[in-house]
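These notes are about the structure you will find just below.
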2 protein chains.
Amino acid sequence: MELNERKMKILQAIIGDYLSTAEPVGSRTISKNYDLGISPATIRNEMSDLEELGFIVQPHTSAGRIPSDKGYRYYVDSLVKLPREDEQPDQFVNKLLASADRIEDLLKNIAKLLAKETNYATLVSTPKYKSSKIKNLQLVGVEDKRVLVVVVTDGNIIKNYMIDLDEGIEQTMLNRITYVLNEHLYGLTLEEINLPLIKNMHQYTDDNQIVISKVLDVIFHTIKSIDDSDVYFSGTTNILKFPEFNDINKALELIDVIEKGDKNQFLVDRAMNDDEHNINIKIGEEIEVEEMIDCSIITTSYHIGGKKVGAIAVIGPKRMDYNKTVHALKCLQTNVEKILNRNSV
Amino acid sequence: MELNERKMKILQAIIGDYLSTAEPVGSRTISKNYDLGISPATIRNEMSDLEELGFIVQPHTSAGRIPSDKGYRYYVDSLVKLPREDEQPDQFVNKLLASADRIEDLLKNIAKLLAKETNYATLVSTPKYKSSKIKNLQLVGVEDKRVLVVVVTDGNIIKNYMIDLDEGIEQTMLNRITYVLNEHLYGLTLEEINLPLIKNMHQYTDDNQIVISKVLDVIFHTIKSIDDSDVYFSGTTNILKFPEFNDINKALELIDVIEKGDKNQFLVDRAMNDDEHNINIKIGEEIEVEEMIDCSIITTSYHIGGKKVGAIAVIGPKRMDYNKTVHALKCLQTNVEKILNRNSV
DNA sequence: GTTAGCACTCATTTCAAGCGAGTGCTAATG
DNA sequence: CATTAGCACTCGCTTGAAATGAGTGCTAAC
């Protein structure tokens, strides 16, 4: 399967040309624009071989060649091996630092900036909340029978839950419960909280056992029932700008997949598993999603406290700018993790 | 300018037909499909009059007629006068009740459901936060020098701000400050908080004045600097399904207007002013946004504690289903206000 | 092994003809 | 006198044939 150097160069030329033009590329184009020192006829022979090997295909008899998935794969793999030319961080990442207050806003901003930077569609999943460690809990009495539960976890993710109680309760009492909750739950993940743990907590308060028992119960069930991670997207309409998606209906189907939860969750989940390399690239059929047969997806994951908790993905046409996108993702990942891990438990 | 009954019926027929087909409608079509008992020739004469009066236009000489903005306006205005046929609440609104916990989620859901229900694009603005009344404040020490400020306002809007202090501070101390803050700020709007008010607060604490002074100062500036209302959108890609927007570039420009903040803020702001009627309809040029010349926008506003605080808008093609959309918006508004005003200050 | 030359393919562009939906006008009609 | 049948006319759209041209594969010569 090893290609000789000339075939390699021709393949690279074909893909390079196709990436920028989106038009099938012919032998004459290559001969003219790429200084390979061989005639169109020779290139034609080589192209015939490359086609037989499955790296390129002809859309129809009298057209030039376009890369097959296998061709893209070869191209991408050889890119990875090459040293990167400009490793200085992208400027766009800096804008993120300003918005680092609420993690949801940060992640939304990541999606938005990355989409703007790359001109592709982006997906960013929020951390798997239930497996992040609790740093702080606070109960706030809002109205007579309504209590706000504030939970701060690793990476400074803040969640609020409004709970309704059967009877009113004083803030001083809530403060005492808050104290006990923090004593017992600090450093645990939400998954690790269980009923025995909660029951056990009662004995450490000498206050009205019945009320506290009820409050703890409600808190426990509320926390347990929260929906886990979410997925933010941005730039989906960028899809429409590429000639390969000028069939609006196909494009809309694709956008649907990206914006609806079911299948994008699948994409994100897989992004978090396929992680031998830091950055993962899937091309066309490799994505295994019917509507995305003409796309490539580049993913990476981010960590909080050493745990892989979320993913960032860029979705573009197969002829996307892999180089630039991979670079942008790398920069982003490093910087986001820096922000998220400033204060880990 | 008063039209006789026959002209009215013909105009209504033309608009009605055009709403469903998006094709210019000719005299024969009307004669056949609408039981007016007159021949195409007569209808042609009437149409000629209607065109002269500016209610309909011909895209080109040998085509049927389509409604002008003036025609739509007449149609919409006469719709309003008509009694609604089915006033029972739309079912889709019920789904909202489930998601009423966080107001941001509620509003996002409104945008999403309304878009799904109507198949148009929707805009929902969040409440003008700064003019809603404070119900509760709470300071939570998260790390040594970081404090989380939780603010709950009218309509149970919850906002979190992480602030950084110069020196560490105990939770017990924070609780005392929290108490004083609530004492003094309950029922005020964020706009009403000013520096003298904050300064004045010191005297009610006998604790370390310098630390408290600093904390209050940071809180004040954080609260003052928060960005006010946001705008959620949904269903923007629905735009692409309408034949009037099959010029992708025009459609993309329109989507940009809806999704980018600058102009949609303008739309929402105006929606909150134009409110003689509960529901406001703007057609084509009336919108005064160049990219929306082919659209209509139907808006309504919602109130918390008697104050108009946010807007809901539906954007569709001029030939949108005004009847259904207005109905959906009305139902939505009533129910949303019910949810938001359950517990007002 | 390389390349010039040539016949061949086929998507795309171009252009004219024809179609048909629709109009406006005129003259006949009840 | 309002209504309508009839007809010539307009013009966007469809159709299909021809021309175009980018590109190939093959063969024979270098």
Side-chain angles (χ1 to χ4, degrees), chain A residues 3-11 13-68 71 243-244 246-247 294, chain B residues 3-11 13-18 20-68 71 243-244 246-247:
Chain A
L3 302 180
N4 65 38
E5 186 161 352
R6 194 166 71 182
K7 279 199 174 57
M8 247 184 63
K9 276 189 178 163
I10 291 175
L11 179 57
I14 293 172
I15 298 181
D17 210 76
Y18 187 68
L19 289 191
S20 56
T21 64
E23 295 291 328
V25 2
S27 53
R28 229 175 88 82
T29 313
I30 293 179
S31 170
K32 255 195 304 186
N33 301 340
Y34 297 79
D35 198 23
L36 299 181
I38 44 180
S39 77
T42 313
I43 293 173
R44 276 205 289 283
N45 290 329
E46 295 287 40
M47 281 167 99
S48 183
D49 291 353
L50 283 169
E51 181 161 16
E52 205 168 315
L53 290 168
F55 290 102
I56 51 180
V57 290
Q58 247 180 322
H60 58 88
T61 334
S62 69
R65 305 305 212 289
I66 63 175
S68 65
E244 35 271 83
N246 58 10
D247 175 349
D294 293 322
Chain B
L3 302 179
N4 64 39
E5 186 163 352
R6 194 168 70 181
K7 279 199 175 56
M8 247 184 61
K9 276 192 178 159
I10 292 176
L11 180 55
I14 293 173
I15 298 181
D17 209 77
Y18 187 68
S20 59
T21 63
E23 295 290 328
V25 1
S27 52
R28 229 176 88 82
T29 313
I30 294 180
S31 169
K32 253 193 306 185
N33 301 341
Y34 298 81
D35 198 22
L36 300 181
I38 44 181
S39 76
T42 312
I43 294 174
R44 276 205 289 283
N45 290 329
E46 296 285 43
M47 282 166 98
S48 184
D49 292 351
L50 283 170
E51 180 161 19
E52 208 170 311
L53 291 169
F55 290 102
I56 52 179
V57 289
Q58 245 180 323
H60 59 86
T61 332
S62 68
R65 307 302 213 290
I66 63 174
S68 66
E244 36 269 83
N246 59 9
D247 175 348

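Naming: A, B, ... by sequence-line order, numbering from 1 per chain. This is a predicted model, so every value here is computed, not measured.
Here B:Ser62 pairs with B:His60 under the side chain to side chain contact (heavy atoms under 4.5 Å, CB included) rule; sequence neighbours left out.
Checking the phosphate oxygens (OP1, OP2) of C:dG22, no side-chain nitrogen or oxygen of B:Ser62 falls inside 4.0 Å. Applying the 4.0 Å criterion to OP1 and OP2 of D:dT4, one finds that B:Arg44 has every side-chain N and O outside that range. Put simply, B:Arg28 has no side-chain N or O that comes within less than 4.0 Å of OP1 or OP2 on D:dT4. One finds no side-chain N or O of A:Thr29 lying less than 4.0 angstrom from the OP1 or OP2 phosphate oxygen of D:dA22.
Between the C1' atom of C:dG22 and the CD1 atom of B:Ile66 lies a distance of 14 Å, rounded to the nearest Å. Distance CG (A:Asp17) to C1' (D:dA22): 14 Å, rounded to an integer number of Å. What separates CG of A:Asn45 from C1' of D:dT24 is a distance of 11 Å, to the nearest Å. Atom NE2 in A:His60 sits about 13 Å away from atom P in D:dA22, given to the nearest Å. In this structure, NZ of A:Lys7 is placed 14 Å from C1' of C:dT2, rounded to the nearest angstrom. Atom P of nucleotide D:dT3 and atom CD of B:Glu46 are separated by 7 Å, given to the nearest angstrom. Residue B:Glu51 contributes atom CD, which lies 11 Å from atom C1' of C:dG24 at whole-angstrom precision. Distance A:Ile43 CD1 to C:dA4 P: 12 Å, rounded to the nearest Å.
Comparing D:dT3, D:dA5, C:dT23 by their nearest atom to the side chain of B:Arg65 picks out C:dT23. Taking the side chain of A:Gln58 as heavy atoms from C-beta on, and the options C:dT3, C:dC10, D:dG25, the nearest nucleotide is D:dG25. Comparing C:dG24, C:dT3, D:dT4 against the side chain of B:Ser48 picks out C:dG24 as the nearest. Distances from the side chain of A:Met47 to the nucleotides D:dT24, C:dG24, D:dA5 place D:dT24 closest.
Open room surrounds NZ on A:Lys9; 12 or fewer heavy atoms of other groups in view lie less than 6.0 Å from it. Summarising the local packing, CG of B:Asp35 is surrounded by 12 or fewer heavy atoms from other residues, nucleotides or ligands at distances under 6.0 Å.
Paired with A:Arg6 under the rule side chain to side chain contact (heavy atoms under 4.5 Å, CB included), one option of A:Ile43, A:Leu11, A:Thr42 passes, and it is A:Thr42.
A donor-acceptor pair under 3.5 Å is formed between the side chain of B:Ser68 and the backbone N or O of B:Gly54.
Residue A:Thr61 is classed as a sugar-phosphate contact, given heavy-atom separations below 4.0 Å to backbone atoms only.
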